[in-house]
Amino acid sequence: MLTKIGNMFVRGWLIQKRLLCKYSFLLLLALPLLFAAGLSRLAKEESGIAAIALYVPKDDATAKQVEERLLGKKSAFRYLSCETGEEAVALVEAGAADAAWLFSEEMEETLRELAEKRRVRPLVKVVERRDSVPLLLARETLSAAVYPAFSYAVYESYVTQDLGLTELTDEMIRQTYESVAVTGSLFAPVYADGSNVETEDVSYVQAPLRGILAIWLVFLGLAAVLSFMQDEERGVYGRLSGVRRFLAFYGVGGVYLLDGTAVLLLCCKLCGVFTDVLREVVCAAVFACCVLAFVNLLRLLCRTPRWIGVILLPLAAAMLALCPIFLDLQKCRAGKRLLPPWYYLQSIHNTRYLYQMAVYTAVLVLIGAVIQRLRKEA
């Protein structure tokens, strides 16, 4: 038994030495590291899903408070301060900004009129080149920044108009308002397994990294398939029976994916999307086994490198569209469950999907063994 285990390690080491002599394999391992490093660098630079040109009157204290709320916290939007409203609109017309927000010259007075229900005038003029999802989200952000000022205006109107406490000064009203203000957040975001959502540490630029790496690992498995097929054509495995050749691929592919899994974990650590060590290692290990069984099934079904090449683009498109990397489509649930990256991306924050991925892996191995047996009998 120990001899067999020793032989397995020796063969694995020989396969590893062979791979390390291949420049194409080393390039495959280097690409995600370079991508993660570049993405981490980009996340530290000034960037955003939309550029907003801001014109805020210097003499309006309320408008300045709203500006401070917008600029004072981390955001997915990039704000460009402008001296005049015409300058902000010019940036939109020139394509340097996606939208311009022009604050009212009398924002404090406008809010007071709105709170007293005397008159409704626009607080902010929004100029946009086109409508888009980022700009819809930006308007929600603007509403959230304006709301505290509107809330105070309603409170002040209630105290002075409805309660008739006109003898109170603005400073007293403000102190009373702030003394009863509730601190903290109304929302406590957690994942399905109960762990907290760390929203402050991960930039929106870094968010798709794990999904892209998951797809890369699948393609690394397909690279192992192509390499194994080339060796088959050269007669390297000519003396092996069907079952032993079936196991030989798991050995070769396992070395590929062992290196790939280490790179995946390192990239997640470098880019700041790493969670818990035990969870990351377990999920990545099960995912690597799942990918190995998945690409082995494709090997048995396609049979030739030509057909592997044919399915590359459709497979990449399916994984990009159905796995929750950039979008999370609610339909095509059956299609999602056929793709290993979908299980991996779900399992990081929900143990239930980790068990499902393990079961899916076992099913793939069983189907592959049945196909190998039928092919041998045929």
* **Glu280 side chain reached by Ile348 side chain, heavy atoms, under 4.5 Å** => yes
* Asked: Charged N to carboxylate O below 4.0 Å: is that the case for Asp98 and Arg78?
  -> no
* Structure fact -> CG of Leu33 to SG of Cys271, rounded to nearest 0.5 Å, is 11.0 Å
* So do the side chains of Leu322 and Trp342 get within less than 4.5 Å of each other, counting heavy atoms only? -> no
* Work out which heavy atom in Val365 is nearest to a heavy atom in Ala293; give both atom names and the distance. => CG2-CB, 3.7 Å
* **Ser227 and Lys22 side chains, donor-acceptor separation under 3.5 Å** => yes
* Structure fact -> d(Ile371 CD1, Arg299 CZ) to nearest 0.5 Å is 10.5 Å
* Asked: So, does Glu87 use its side chain to make a donor-acceptor pair with the main chain of Glu83 at under 3.5 Å?
  -> yes
* Taking the side chain as every heavy atom from C-beta outward, state whether Val89 and Glu93 have any atom pair closer than 4.5 Å. => yes
* To do: Would you confirm whether Thr351, through its side chain, and Ser347, through its main-chain N or O, come within 3.5 Å as a donor-acceptor pair?
  => no
* Closest non-hydrogen atom pair between Pro32 and Val263, with its separation -> CG-CG1, 3.6 Å
* Hey, are the side chains of Pro57 and Met107 touching, using non-hydrogen atoms and a 4.5 Å cut-off? -> no
* Does a donor on one side chain and an acceptor on the other come within less than 3.5 Å for Tyr55 and Glu105? -> yes
* Separation between CG of Leu264 and CZ of Phe287, rounded to the nearest 0.5 Å -> 7.0 Å
* Asked: Between Arg69 (side chain) and Ala145 (backbone), is there a donor-acceptor pair under 3.5 Å?
  -> yes
* **Approximate separation, where rounding is to 0.5 Å, of Phe249 CZ and Leu300 CG** => 8.5 Å
* Structure fact -> Tyr79 and Leu70 have their tightest heavy-atom pair at CE1-O, 3.6 Å
* Please check if Val126 and Val56 belong to a single hydrophobic cluster, counting links between Ile, Leu, Val, Met, Phe, Trp and Tyr side chain heavy atoms closer than 4.5 Å. => yes
* Taking all atoms of both residues into account, what is the closest heavy-atom pair of Met357 and Cys283, and its distance? -> CE-O, 3.8 Å
* Asked: Heavy atoms, side chains only, cut-off 4.5 Å: are Phe274 and Leu265 in contact?
  -> yes
* Taking the six-membered ring for Trp, are the ring centroids of Phe25 and Tyr256 within less than 6.0 Å of each other? -> yes
* **Validation row, ring centre Phe35 to ring centre Trp216 under 6.0 Å** => no
* May I ask you to say whether Lys58 pairs ionically with Glu67, meaning some side-chain N is under 4.0 Å from a carboxylate O? => no
* Structure fact -> When rounded to the nearest 0.5 Å, the distance separating CG of Leu270 from CG of Leu209 is 9.5 Å
* Which atoms form the tightest heavy-atom contact between Leu91 and Cys82, and what is the distance? -> CD1-SG, 3.5 Å
* Structure fact -> Checking Ile325, Ile212, Val218 against Met319 for side-chain contact (heavy atoms from CB on, under 4.5 Å), the one that qualifies is Val218
* **Shortest non-hydrogen contact between Ile52 and Ala138, atoms and distance** => CD1-CB, 4.3 Å
* **Student check: side-chain heavy atoms of Val127 and Lys125 closer than 4.5 Å** => yes
* In terms of hydrophobic clustering (I, L, V, M, F, W, Y; side-chain heavy atoms under 4.5 Å; direct or indirect links), are Leu222 and Trp307 co-clustered? -> no
* Between OG1 on residue Thr361 and CD on residue Gln356, distance to nearest 0.5 Å -> 11.5 Å
* Cut-off 3.5 Å, side chains only: do Arg337 and Tyr343 have a donor facing an acceptor? -> no
